[in-house]
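One structure below.
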Amino acid sequence: MIVTADNVSELAWDKMQGMIPAIIQHADTGAVLMQGFMNKDALDKTLEISKATFFSRSKQRLWTKGETSNNTLDVQTIYTDCDKDSLLLVCRPNGPTCHLGDDSCFPEQEFNQKHFLSLLEQVVKQRQFDKPEDSYTAKLLSQGTKRSAQKVGEEGVEVALAAATGDRDELLQECADLFYHTLVLLRDQDVDLSEVMAVLKNRHR
């Protein structure tokens with residue numbers, strides 16, 4: 001069930017004396033970012049301001065993630081499970097989520113294949129923003145649309161040639177290059193990978 005202001009009272013608040021565990025998931029990569037607890041006031045606040053807000057058991061008060069660090073969590077959607085006694089908040093983070101400076105409080109987690117492209121997309125976005133001098137991605141983006149488009153064209157041809165010659169290892173390498181350079185071109189055009197995925201999903205239907 002998608003949680004809204006109209007159905008908050010339907011959650012199983014009595015199971016844990018008015019508290020419900022809340023898991024935070026990255027809206028783009030699917031990464032698990034953190035876990036906290038919410039009481040009804042915290043959930044009401046979260047729904048009101050669209051920023052993940054929890055009940056601090058140590059401080060005995062509400063706290064909005066990032067209220068001091070500015071590393072807030074922008075809430076996209078909130079789900080509850082079949083028993084309505086836990087929450088899944090799909091969020092876009094503004095900076096690291098963990099207080100230790102890591103992107104996630106579960107930094108050792110491994111990404112499955114479908115989520116890795118989204119993770120790589122986030123890296124490309126960060127390179128565009130930070131512009132590190134030693135970054136190939138930043139350099140490529142600085143050269144404009146024509147160069148990124150040219151690279152996609154080149155890699156597409158190399159993928160076709162590798163397949164035509166039956167060179168499996170080369171095909172894998174060139175496909176990886178094509179996927180990466182396509183992400184760079186999408187970033188140049190300010191297009192999110194999710195928009196492309198939406199087209200594929202609509203075609204699938």
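What you see below is based on every heavy atom in this structure, not just the backbone, and it leaves out hydrogens, waters and symmetry mates.
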| message | Taking the basic N atoms (NZ, or NE/NH1/NH2) and the acidic carboxylate oxygens, is any pair closer than 4.0 Å for R61 and E67? | response |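 Counted as a salt bridge, because a side-chain N and a carboxylate O are separated by less than 4.0 Å.
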
| request: Output yes when R127 and D130 qualify as a salt bridge under the 4.0 Å nitrogen-oxygen rule, no when they do not. | output: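 Salt bridge between R127 and D130, a charged N being under 4.0 Å from a carboxylate O: no.
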
Is there a path from [X] to [Y] through hydrophobic residues (I, L, V, M, F, W, Y) whose side chains come within less than 4.5 Å of each other?
X: I20; Y: V75; result: yes
X: F106; Y: I24; result: no
X: I23; Y: Y79; result: yes
X: W13; Y: M16; result: no

Beyond-backbone contact of [X] with [Y], side-chain heavy atoms, under 4.5 angstrom:
X: E121; Y: T29; answer: no
X: T97; Y: H26; answer: no
X: D192; Y: K125; answer: yes
X: K65; Y: T72; answer: no
X: Q25; Y: L89; answer: no

[X] side chain to [Y] main-chain N or O, any donor-acceptor pair under 3.5 Å?
X: N202; Y: V199; result: no
X: D41; Y: K45; result: no
X: D102; Y: C105; result: no
X: S104; Y: V32; result: yes
X: Q76; Y: A27; result: no
X: S56; Y: F54; result: no
X: E155; Y: V152; result: no
X: D188; Y: V184; result: no
X: S118; Y: D28; result: yes
X: K40; Y: V8; result: no

| request: Mind listing the closest non-hydrogen atom pair of T53 and T46 along with its distance? | output: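 In this case the closest contact between T53 and T46 is N-OG1, 2.9 Å.
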
| task | For L47 and I78, work out which heavy atoms get closest and say how close. | result |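 Between these two residues, the closest heavy atoms are CD2-CD1, 3.8 Å.
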
| query | When rounded to the nearest 0.5 angstrom, what is the spacing between CE in M34 and CG in L73? | reply |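 Interatomic distance, M34 CE to L73 CG, rounded to 0.5 Å: 7.0 Å.
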
| Exercise: do Q122 and Q126 side chains pair donor with acceptor under 3.5 Å |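 No donor-acceptor contact under 3.5 Å links the two side chains.
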
| task | Consider only side-chain N and O atoms of N70 and N94, and report whether a donor and an acceptor are under 3.5 Å apart. | result |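 N94 and N70 do not have a side-chain donor-acceptor pair below 3.5 Å.
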
| message | Go through it in stages, so that I can follow the logic: the residues are D190 and R187, the test is salt bridge (Lys or Arg N to Asp or Glu O under 4.0 Å), and I'd like the CA-CA distance, side-chain angles, deciding distance and then a yes or no. | response | CA-CA 5 Å; D190 197 26; R187 179 85 315 264; 3.6 Å; yes

| With under 30° as parallel and over 60° as perpendicular, where do the rings of Y136 and H181 fit, or are they tilted in between? |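 Y136 vs H181 ring planes: perpendicular.
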
| said: side chain to side chain contact (heavy atoms under 4.5 Å, CB included) for T182 and V196? Distances and angles first, verdict last. | reply: CA-CA 11 Å; T182 299; V196 181; over 6 Å; no

